[in-house]
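Both counts, for ligands and for their atoms, begin at 1 and track the order of listing.
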Amino acid sequence: MAILITGGCGYIGSHTCIEMLDAGYDIVVIDNYYNSNPEALKRVKELSGKDFPFYECDIRDADGLRRVFSAHKIDAVIHFAGLKAVGESVAQPLTYFDNNVSGTVVLCGVMAEMGCKRMIFSSSATVYGTGNPSPLKEDMPTGAVTNPYGRTKFMIEGILSDLCTSDPEWSVVLLRYFNPIGAHESGRIGEDPNGIPNNLMPYISQVAIGKLQQLSVFGDDYNTPDGTGVRDYIHVVDLAKGHVCAVDYAIKHTGVEAINLGTGVGYSVLDLVNAFRTVSGVEVPYRIAPRRPGDVDTCYSDPAKAARLLGWKAEKNVEDMCRDSWRWQSQNPQGYK
Ligand code: NAD
Ligand code: UFG
């Protein structure tokens with residue numbers, strides 16, 4: 001029994017490879033290295049002490065996928081492969097629809113052909129859009145998204161749901177991630193963004209290490225306790241463990257379930273800056289800047305469904321997240337390069 005991990009060389013994928021191996025699963029990984037470095041999987045092998053097959057393969061390449069499925073008995077797919085930069089998706093929507101949506105359609109087609117009908121999909125809290133109050137629950141309306149990236153996630157959720165309706169043998173878990181941060185506690189693998197980071201934690205750590213001068217806090221006039229945006233930050237290792245539980249679940253059930261992976265607790269931008277300073281002992285200079293278009297004031301999960309269906313709960317706190325992000329950043333100032 002093997003689990004195929006698409007995009008397994010990326011940030012969340014590499015951490016999930018370790019947790020899947022630790023849980024005793026055999027894995028097969030594919031990635032096209034568009035946003036990752038082979039060094040990540042080398043380190044996954046070191047950390048886990050296990051070897052596994054890897055294929056440099058694009059999810060839009062049906063023949064390449066067929067070769068992978070023919071070479072291995074794949075029981076389920078954890079599907080991370082996708083593009084994720086919100087701003088880039090606004091500038092290049094067709095690239096995002098092609099890679100994320102068409103890529104998923106090609107992957108599902110080959111899976112159906114090869115008789116593998118279980119998928120864990122990387123969705124996002126972004127599908128809840130702007131209209132819902134936090135805590136966000138899975139049965140709230142989705143689709144009022146603010147950018148093409150979010151639309152790809154919403155569209156793929158719909159496509160996978162339609163697939164389950166068409167064929168009752170399919171089993172799909174739509175995991176709606178909140179804000180993954182942190183790194184493996186070894187400091188050997190972590191998030192390695194290209195260029196200037198878009199997201200808060202990599203920006204904070206690059207300011208702390210001296211690569212960037214100052215954090216811009218996007219808005220201090222939100223309707224939140226300190227006026228800065230509130231998010232549900234979740235440690236990437238907790239998130240990775242959620243995937244192991246989701247695979248266990250998908251093997252025993254059919255149909256489609258959307259499940260939040262979050263902690264249920266919101267922290268503001270300044271909370272995160274303060275927690276980071278406390279655990280690292282390093283100052284993070286910041287200035288208040290205008291709001292970033294498309295941002296909501298508050299976004300945090302109701303994680304009860306994950307506890308009920310998957311038996312999963314986030315265990316690490318915000319200090320763990322900051323400490324592990326800092327260890328990764330300070331031990332690898334240039335990322336994997
Ligand atoms: P990442 O960019 O680090 O990992 C994605 C991996 O997929 C990369 O290694 C990339 O090279 C690969 N990839 C992209 N397109 C591919 C293709 N066509 N064929 C094969 N490989 C391809 O991103 P991540 O943070 O690990 O995110 C993983 C998934 O989780 C993505 O689908 C992302 O949209 C989703 N997600 C991420 C976040 C977040 O904040 N990190 C939040 C919600 C959802
Ligand atoms: N922020 C700053 N300065 C920065 C970066 C971010 O103040 O330099 C603030 C944002 O305004 C927001 C908070 O920090 O209040 C978190 O911002 P991130 O960019 O880290 O995360 P988002 O919540 O905006 O978006 C993330 C992912 C999206 C995903 C969304 C919901 O980047 O892909 O969570 O899951 F869709």
Look at [atom] and say which protein heavy atom is nearest, naming residue and atom and giving the distance to 0.1 Å.
{"atom": "atom 3 (N) of ligand 2", "result": "Ser216 O, 2.7 Å"}
{"atom": "atom 5 (C) of ligand 1", "result": "Gly82 O, 3.9 Å"}
{"atom": "atom 18 (P) of ligand 2", "result": "Asn199 ND2, 3.5 Å"}
{"atom": "atom 10 (C) of ligand 2", "result": "Asp295 OD2, 3.4 Å"}
{"atom": "atom 17 (O) of ligand 2", "result": "Arg292 NH2, 3.4 Å"}
{"atom": "atom 29 (C) of ligand 1", "result": "Phe80 O, 3.3 Å"}
{"atom": "atom 20 (O) of ligand 2", "result": "Leu200 N, 2.8 Å"}
{"atom": "atom 35 (O) of ligand 2", "result": "Ser124 OG, 2.8 Å"}
{"atom": "atom 7 (O) of ligand 2", "result": "Phe218 N, 2.9 Å"}
{"atom": "atom 23 (O) of ligand 2", "result": "Arg231 NE, 2.7 Å"}
{"atom": "atom 3 (O) of ligand 1", "result": "Tyr11 N, 2.9 Å"}

May I ask you to check if ligand 1 and [X] share an N or O to N or O distance below 3.5 Å?
{"X": "Asp58", "answer": "yes"}
{"X": "Tyr177", "answer": "no"}
{"X": "Cys9", "answer": "no"}
{"X": "Lys153", "answer": "yes"}
{"X": "Leu83", "answer": "no"}

Query raised in the report: Does ligand 1 have any atom sitting under 4.0 Å from a heavy atom of Gly103?
Result: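 In this structure, Gly103 fails to qualify as a contact of ligand 1 - no heavy atom is under 4.0 Å.
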Query raised in the report: Is there a heavy atom of Thr6 sitting under 4.0 angstrom from any atom of ligand 1?
Result: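 No, Thr6 has no heavy atom closer than 4.0 Å to ligand 1.
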Query raised in the report: Val237 and Leu239: side-chain contact (heavy atoms from CB on, under 4.5 Å), yes or no, with the steps?
Result: CA-CA 5 Å; Val237 171; Leu239 191 76; over 6 Å; no
With a 4.0 Å cut-off, would you call [X] and [Y] a salt bridge?
{"X": "Lys241", "Y": "Asp238", "result": "no"}
{"X": "Arg176", "Y": "Glu138", "result": "no"}
{"X": "Arg323", "Y": "Glu185", "result": "no"}
{"X": "Lys305", "Y": "Glu257", "result": "yes"}
{"X": "Lys337", "Y": "Asp192", "result": "yes"}
{"X": "Asp139", "Y": "Lys137", "result": "no"}
{"X": "Glu46", "Y": "Arg43", "result": "no"}

Query - Test of ring centre spacing under 6.0 Å for Phe80 and His243 - result: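 Phe80 vs His243: aromatic centres under 6.0 Å.
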**Report entry** Trp170/Phe121 aromatic ring centres below 6.0 Å
**Finding:** no
Proximity to ligand 1 by part of [X], non-hydrogen separation under 4.0 Å:
{"X": "Tyr33", "result": "backbone"}
{"X": "Asn99", "result": "side chain"}
{"X": "Ala125", "result": "neither"}

Tell me the contacting part of [X] for ligand 2: side chain, backbone, both, or neither, using a 4.0 Å heavy-atom threshold, strictly below.
{"X": "Val230", "value": "neither"}
{"X": "Val269", "value": "side chain"}
{"X": "Ala289", "value": "neither"}
{"X": "Thr126", "value": "both"}
{"X": "Asn179", "value": "side chain"}
{"X": "Tyr233", "value": "side chain"}

Do we see a donor-acceptor contact under 3.5 Å between the side chains of [X] and [Y]?
{"X": "Asp232", "Y": "Thr263", "result": "yes"}
{"X": "Ser301", "Y": "Asn260", "result": "no"}
{"X": "Ser122", "Y": "His79", "result": "no"}

Which ligand 1 atoms does [X] reach within 4.0 Å, using its non-hydrogen atoms?
{"X": "Cys57", "value": "19 (N), 20 (C)"}
{"X": "Ser123", "value": "43 (C), 44 (C)"}
{"X": "Ser124", "value": "43 (C), 44 (C)"}
{"X": "Tyr34", "value": "11 (O)"}
{"X": "Ile59", "value": "17 (C), 18 (N), 19 (N), 20 (C)"}
{"X": "Tyr149", "value": "33 (C), 34 (O), 35 (C), 36 (N), 43 (C), 44 (C)"}
{"X": "Ser122", "value": "29 (C), 30 (O), 32 (O), 35 (C)"}

Requested in this report: Just say parallel, tilted or perpendicular for the rings of His15 and His184, cut-offs at 30° and 60°.
Outcome: tilted
**Report entry** Donor-acceptor contact below 3.5 Å, side chain Tyr25 vs main chain Val247
**Finding:**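 No, Tyr25 side chain to Val247 backbone: no donor-acceptor pair under 3.5 Å.
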Query raised in the report: Are the side chain of Ser325 and the backbone of Cys322 linked by a donor-acceptor contact shorter than 3.5 Å?
Result: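 Absent.
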Query - Face-on cation placement of Arg231 at Phe178 ring, 6.0 Å and 45° thresholds - result: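 No.
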Requested in this report: Test the Lys84-Tyr149 pair against the cation-pi criterion, namely NZ or CZ under 6.0 angstrom from the six-membered ring centroid and within 45° of the ring axis.
Outcome: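 The answer is no, since Lys84 fails at least one limit relative to Tyr149.
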Report task. Can you sort out which atoms of ligand 2 are near Tyr177, meaning under 4.0 Å from one of its heavy atoms? Result -> 35 (O)
Report task. Return yes when Tyr149 approaches ligand 2 closer than 4.0 angstrom through a heavy atom, no otherwise. Result -> yes
Query raised in the report: Out of curiosity, is Gly150 lining ligand 2, as in a heavy atom under 4.0 Å away?
Result: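 It does not; every heavy atom stays at 4.0 Å or beyond.
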Query raised in the report: N/O to N/O below 3.5 Å, does that happen between Tyr203 and ligand 2?
Result: no
